[in-house]
Amino acid sequence: MDDKVKNLLERVRGTASYAADAAADGARAAGKRAGQMVDVAKLNVQLFDLNGEYNDLLRQLGQVMYDTHRGEAPENDVVTKLLAQADEKAARIAELKNRIADLKQAASCPACGEPCGRGDKFCRACGKQLS
């Protein structure tokens, strides 16, 4: 086989290998991003449920307050229990909102696709400088 043809075939093989590696890296990065999106969706479902439970607790508290206004005494510690439950739900809601924000704002390394923190200057996995 002619040397020129061999050189050409070697360059084609090298280019094809590079393209395959780049495609694989892109697929990995897309997969990680899709995983983040699934995690955000799951957290949003939990957040929706918690908001419903929280609103129900607030409705119950409002009913107790209105009944008290009408002269009906609430049962012992009903208000205290409802307030404690509402505080727990509110804290959990805030936690989920923070987790969602972190997932949405997480950057990915352009070289290896690993997730990086918002303030990171270098990738923790491969060391590449982030822009």
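The structure displayed is predicted, hence computed values, not measured ones.
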Spatial distance of atom CZ (Arg124) from atom CG (Leu130) [nearest 0.5 Å]: 10.0 Å
Considering only Ile, Leu, Val, Met, Phe, Trp and Tyr, and joining two whenever side-chain heavy atoms are under 4.5 Å apart, list the other residues clustered with Leu8. Val12
From Gln46 CD over to Ile93 CD1, what is the distance, rounded to the nearest 0.5 angstrom? 11.5 Å
Distance from Glu95 atom CD to Leu50 atom CG, nearest 0.5 Å? 9.5 Å
Could you state the interatomic distance from CG (Leu83) to CD (Glu88), rounded to the nearest 0.5 Å? 11.5 Å
In this structure, are over 12 heavy atoms from other groups packed under 6.0 Å from Glu72 atom CD? yes
Are the side chain of Asn55 and the backbone of Asn51 linked by a donor-acceptor contact shorter than 3.5 Å? yes
Please test Asn7 against Glu10 for side chain to side chain contact (heavy atoms under 4.5 Å, CB included), starting from the C-alpha separation and ending with a verdict. CA-CA 5 Å; Asn7 286 339; Glu10 285 299 318; 5.5 Å; no
Applying the 4.5 Å side-chain criterion to the ILVMFWY set and letting contacts propagate, would Met37 and Leu47 be lumped into a single cluster? no
Between NZ on residue Lys97 and CG on residue Asn44, distance to nearest 0.5 Å: 10.5 Å
If you compare all heavy atoms of Tyr54 against all heavy atoms of Ala90, which two are closest, and at what distance to 0.1 Å? CE1-CB, 3.9 Å
Val64 and Pro74 have their tightest heavy-atom pair at CG1-CB, 3.8 Å
Once rounded to the nearest 0.5 Å, what's the spacing between atom SG of Cys109 and atom NZ of Lys128? 7.0 Å
Taking atom CE as the centre, does Met65 end up with more than 12 heavy-atom neighbours from other residues, nucleotides or ligands that are less than 6.0 angstrom away? yes
In terms of side-chain geometry, is the basic nitrogen of Asp2 or Lys6 positioned less than 4.0 Å from the acidic oxygen of its partner? no
